[in-house]
Asker: 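Here's a structure for you.
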Amino acid sequence: MAKELIDPKDDIRAYGADYVHFCLRLKKLSGIDLSSYKSRQMHRRLQNYRNRLGFSDFYTFSVALQKDEQKLKGLLDFITINVSEFFRNPEQWRILRESVLPTLVVYRSGQPVRVWSAGSSAGQEAYSLAISVLEAGGVPKVLGTDIDEASLKKARAGIYSSEEIKGVSKVYLTRYFEPHGDGYRVREILRRAVAFERGNLLTDEYPNDLDLAVCRNVLIYFTDQGKQRVLRGLADSLRRGGVLFTGATEPVFNPASYGLSQMHPFFYQRS
Ligand SMILES: C[S@@+](CC[C@H](N)C(=O)[O-])C[C@H]1O[C@@H](n2cnc3c(N)ncnc32)[C@H](O)[C@@H]1O
């Protein structure tokens with residue numbers, strides 16, 4: 001089980017007082033509480049990052065962060081690991097399209113299908129969801145939330161390079177994107193279907209009455225306790241019959257304890 005920053009004395013012993021001080025200062029400056037992230041892995045990554053910037057200890061690093069907004073922004077980008085893709089793990093999106101969405105669309109019969117991309121990064125997942133609902137004949141209403149402002153800004157702009165768009169088929173590219181400079185921009189039909197808001201999965205309230213909650217490649221960074229909190233919230237955010245869609249390496253091991261039952265690998269229905 002991942003160790004958590006529960007007892008400050010343990011953490012001072014394991015990581016040093018300067019790291020514990022750094023975590024507290026980061027929480028004050030950004031609202032990000034590293035105690036819910038796997039701590040050994042996070043400590044190692046942060047140590048490498050700090051060394052790369054030329055700071056020999058976490059105390060001087062945290063003083064620099066307080067004085068320099070750009071440094072703080074750079075660090076937050078690094079912590080939140082916002083790698084994403086359109087239609088990431090295509091086999092799972094095939095299951096979504098063929099076996100999950102048709103029922104959700106019929107249930108809403110012409111009313112918006114309520115979808116949440118929790119940890120939406122730069123918007124690729126939220127727009128992929130809107131496309132999938134449209135292709136299934138539904139009316140998408142997708143909310144993307146993320147803790148990282150820089151990702152949200154890019155998501156709202158909806159502008160992607162040719163490299164970033166590589167998971168999108170030619171048909172979808174023509175239908176849902178327009179050329180923009182060297183890359184593409186999402187068309188109005190997607191823009192209208194998707195909204196982005198800042199939200200911290202570990203502290204903020206969750207939406208409700210959702211048909212589909214999607215949380216992929218986010219849970220992996222959390223401690224077991226953080227993961228359980230988020231899974232409980234995701235399950236509660238669904239209407240009865242609503243579906244949770246998780247990442248390709250993130251099965252829910254005990255779905256029944258959240259009131260969920262497995263439909264397909266990585267898809268769980270609220271019973
Ligand atoms: C690896 S990306 C996953 C993006 C997308 N879901 C996907 O699978 O392609 C992880 C995202 O989770 C966000 N994140 C990390 N901690 C978070 C938190 N506590 N609350 C909300 N989002 C968080 C990061 O900012 C990042 O954009």
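Any value given below was found using the heavy atoms of this structure, including those in side chains, with hydrogens, waters and symmetry copies removed. Both ligands and their constituent atoms are indexed starting at 1 by order of listing. Count residues from 1 along the sequence. All of these numbers come straight from a predicted model, not from anything done at the bench.
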Asker: Any idea which protein heavy atom is nearest atom 21 (C) of ligand 1, and the distance to it?
Answerer: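 Scanning the protein heavy atoms, the shortest distance from atom 21 (C) of ligand 1 goes to Gly199 O, 3.2 Å.
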Asker: Provide, to 0.1 Å, the distance between atom 9 (O) of ligand 1 and the closest protein heavy atom, together with that atom's residue and name.
Answerer: Ser84 OG, 2.5 Å
Asker: Does Asn254 have any side chain to side chain donor-acceptor pair (under 3.5 Å) partners at least two apart in sequence or in another chain, and if so, which?
Answerer: Ser257
Asker: Would you say OH of Tyr59 has more than 12 non-hydrogen atoms from neighbouring residues, nucleotides or ligands within 6.0 angstrom?
Answerer: no
Asker: Can you see whether Tyr107 has Arg239 sitting over its ring - NZ or CZ less than 6.0 Å from the centre and within 45° of the normal?
Answerer: yes
Asker: Starting from atom 4 (C) of ligand 1, which protein heavy atom do you reach first, and at what distance in Å?
Answerer: Gly119 O, 3.4 Å
Asker: Distance to 0.1 Å, residue and atom name: give those for the protein heavy atom nearest to atom 23 (C) of ligand 1.
Answerer: Ile147 CG2, 3.5 Å
Asker: Nearest to atom 24 (C) of ligand 1, what protein heavy atom do you find, and at what distance?
Answerer: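 Of the protein heavy atoms, Thr80 O, 3.0 Å lies nearest.
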Asker: May I ask you to identify the nearest protein heavy atom to atom 1 (C) of ligand 1, giving residue, atom name and distance to one decimal place in Å?
Answerer: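 Result for atom 1 (C) of ligand 1: Ile81 O, 3.0 Å.
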Asker: How far is atom 27 (O) of ligand 1 from the closest protein heavy atom, and which atom is that?
Answerer: Asp146 OD2, 2.7 Å
Asker: List the closest protein heavy-atom neighbour of atom 15 (C) of ligand 1: residue, atom name, distance to the nearest 0.1 Å.
Answerer: Tyr37 OH, 3.7 Å
Asker: Are Leu101 and Ile189 co-members of a hydrophobic cluster defined by side-chain heavy atoms under 4.5 Å apart?
Answerer: yes
Asker: Answer yes if the ring centres of Phe222 and Tyr37 are under 6.0 angstrom apart, and no otherwise.
Answerer: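 Yes, close enough.
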